[in-house]
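Some notes on the structure that comes next.
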There are 2 protein chains.
Amino acid sequence: MIKKKISINDIARSLGVSKTLVSLVINNKSDIHGISKITQQKVWDKIKEMNYKPNLMARNLRLGRSNTIGLIVSDISNPFYSRMARHIEDLAEKKGYNLIICSTDEKIDKEIALIKMLKNRQVDGLIISSSQKNISEFNTLLAENYPLVLVDRCIPKLKTNYVTVDNTKGAYEAVEHLIKQGYERIAAFAISPVHVSTINDRIQGYLKALKDHKLNYGNAYLREIPFDNVKAAVKKEFKKLIEGKNKIQALFAINNNIATACMEAINENRIKVPHDLALVCFDDVDLFKLTSPTITAVAQPIDEICENALKFLFAEISSKGAAEKKKITLATKLIIRRSSVL
Amino acid sequence: MIKKKISINDIARSLGVSKTLVSLVINNKSDIHGISKITQQKVWDKIKEMNYKPNLMARNLRLGRSNTIGLIVSDISNPFYSRMARHIEDLAEKKGYNLIICSTDEKIDKEIALIKMLKNRQVDGLIISSSQKNISEFNTLLAENYPLVLVDRCIPKLKTNYVTVDNTKGAYEAVEHLIKQGYERIAAFAISPVHVSTINDRIQGYLKALKDHKLNYGNAYLREIPFDNVKAAVKKEFKKLIEGKNKIQALFAINNNIATACMEAINENRIKVPHDLALVCFDDVDLFKLTSPTITAVAQPIDEICENALKFLFAEISSKGAAEKKKITLATKLIIRRSSVL
DNA sequence: TAATTAGGCTAAATCGTTTTACCTGTTTAA
DNA sequence: TTAAACAGGTAAAACGATTTAGCCTAATTA
């Protein structure tokens, strides 16, 4: 239990003035309203003396805002998202906003429940990396002009603000890099749910790179790994793919989690990288510099993603009525680590 | 800008009843107050029909709570803390609480500012991994009976709830492990600020292990790395330590960030692990399974830390008046990776 | 001298809830 | 027959701020 805090009324009473006056002073509106300098000073002194802090819940109720931003991702402990969260936190803090972070585990129902919950909490805006394919919940948000920015993942047909990277191109470049080193049978480990735009785009990039370079096996080496069972599933599929006469020569991991699982599989099967198998992945993680096997990775510009996302979000928050929707697609960068490919 | 939402008044008006009644129904107090089943059903129907959601800011203002927990750590993008955050998020959600996560960058002023901010926001409790040595801010919290649990790091002389691991013992075991493998000149890279209990305890564990095993060079090989410049500082010190006739044979990294920097330094200097140098560290990170050099690590029971922290915190939140302060120290586990030590 | 203006301040409404205390009929018990 | 009990509700205060509209006095202007 918490002790009773002092309120604006206590300040007003103890100075023998109205709380209107105190409020005006606090909000730097006293000059406009012609409160004398002397009184202003008295108020500030008393505030300091009594160590008064405005109750933000009360203020926000009145003002209809919360100075809070909701961030919804699939898993905050994924390094990609935790780095994002950190940067968003820093940028938001500069404007006096805090962050409520929520993880969905790719569960659509949970995502919808979280969106509703954050709306009830009156968060002033949402930044979401959505697992959704159904857009009805988002259409509700849009109809309400609720400030919203989708990051990382796009939802086709949904007209809102987007900050993404060129996943198709990033994947294309990674796979093309493998092909140019002479690898031919290149497998890809995607992750379910596949309808997620980033995953799908990366798959398309992979397939296009194969096709453009006359590797005509289509999706014969494409595997889909369930989100909630990455390690086991990767290991099982991996084992199958490295056997037989059509065994694979290279592997494209569609995100950092899959990549980690692939590396474990490689080590457990005592595969030599890059001699027996080459490895590239989407997402770069600091520690990928140090892994064995090493891994060539598609790095995403996390800082830029966050900066744009907040720029878009604050534009929405401060605009009355429907704001123009913005979209930016940032470039990825292929980080080539020599020993991961021949 | 956001459309006006419908309120409890709208429901009441459109049913021709008082908002008291609606409120009672919503909060499942209608039976106690003898509201007829028929009326209850009418209220629920109307709520559904109008898609009414209570405004949580208003409710919380009235109730003097926020259903929010503040989590303060040095850096949420550190995998140790992001895993903690994720687990706390899950546990808190089950009780209807959300998490506001804040990073301090080890800056004491920032930490104090964040505590104050979270209090103003009326968060119902705080979980802090504190960089503080000054306890005055915390004494204020205690005096107010503000629900508080310190995790990870202790603050000597501060009587509050703690959930920590046995850092001294963890470090001792790691260093002893090195010694038993025959290493003698073992350096340690600590991180500033050193007054932080975890760091200090680990240093003590390191020193004690040396002493207990008759390695009498004291802190000659102990280095302190500034928090905000880990990589460069580690590399610089590392270079010095691996030269000359007293060059070190093993290295104890005091946390995962330092460990990562050490591995980079090792690779850049083409040091062979464990032949030229052995490496152990405090904190285990998933990817440490895969790094080259490999690293033997002291793993912390993150899930258990979180579970205890929330148990303590909710006990405080639900207790009226001063609650008994609790403390638990969990055991660490040394994860031995064979090739990191001889 | 009367009217206007300006300076300095305040009362009360409002945001959307919860909760306390009370109201009005009807039924039951004595 | 009357008081008590009960069923089914409501009005209004409270939470702690912001903001609108105006009040009062003294000074300035015509």
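Throughout, a chain's letter reflects where its sequence line sits, starting with A, and its residues are numbered from 1. FYI, side chains are in, hydrogens and waters are out, and symmetry mates aren't considered; it's all heavy atoms of this structure.
Residue B:Ile35 is the one, among B:Ile35 and A:Leu61, whose nearest nucleotide of DNA chain D lies closer to the 5' end (criterion: closest heavy atom). Both B:Ala58 and B:Thr39 lie near DNA chain D, and the one whose nearest nucleotide falls closer to the 5' end is B:Thr39.
Between the side chains of B:Asn60 and B:Gln122, not a single donor N or O lies within less than 3.5 Å of an accepting N or O. Under the 3.5 Å distance criterion, with hydrogens and angles disregarded, a donor-acceptor pair is assigned to the side chains of B:Asp45 and B:Gln41. Inspection of the A:Gln132 and A:Glu111 side chains reveals an N or O donor paired with an N or O acceptor under 3.5 Å.
The distance between atom CZ of A:Arg121 and atom C1' of C:dG16, rounded to the nearest whole Å, is 16 Å. Rounded to whole Å, the distance from CZ on A:Arg62 to P on D:dA17 is 13 Å. Rounded to whole Å, the distance from NE2 on A:His33 to P on C:dA6 is 16 Å. The separation between B:Ile6 atom CD1 and C:dG16 atom P is 11 Å, rounded to whole Å. Between the P atom of C:dC15 and the CG atom of B:Leu56 lies a distance of 18 Å, rounded to the nearest Å. We find that CD1 of A:Ile32 is positioned 17 Å from P of C:dA6, with the value rounded to whole Å. Look at CG on B:Asn60: it is 14 Å from C1' on D:dG16, rounded to the nearest Å. When rounded to the nearest whole Å, the span between NZ of A:Lys53 and P of D:dG16 equals 17 Å.
Counted within 6.0 Å of CZ on A:Arg83, heavy atoms from surrounding residues, nucleotides or ligands total 12 or fewer; the atom is thus considered open.
Tested against B:Ile69 for a side-chain contact (heavy atoms from CB on, under 4.5 Å), the candidates B:Val123, B:Leu126, B:Asp124, B:Leu313 yield a single pass: B:Leu313.
Within residues 13-29 of chain A, the residues that place at least one heavy atom under 4.0 Å from DNA chain C are, in residue-number order, A:Gly16, A:Val17, A:Ser18, A:Thr20, A:Leu21.
Minimum interatomic distance between B:Leu310 and B:Ala92 (heavy atoms only, all atoms of both residues): CD1-N, 3.7 Å.
Across all strands, A:Lys37 comes closer than 4.0 Å to no nucleic acid atom at all (heavy-atom distances). Among the protein residues, B:Leu63 comes within range of the sugar-phosphate backbone only, with heavy atoms under 4.0 Å from sugar or phosphate atoms but none that close to a base.
Distances shown here put a side-chain N or O of A:Arg59 below 4.0 Å from the OP1 or OP2 atom of D:dT18.
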I'd like to know whether B:Glu307 forms a salt bridge (Lys or Arg N to Asp or Glu O under 4.0 Å) with B:Lys94, so could you lay out the CA-CA distance, the side-chain angles of the two residues, the decisive distance to 0.1 Å, and finally the verdict. CA-CA 12 Å; B:Glu307 282 148 25; B:Lys94 287 191 189 134; over 6 Å; no

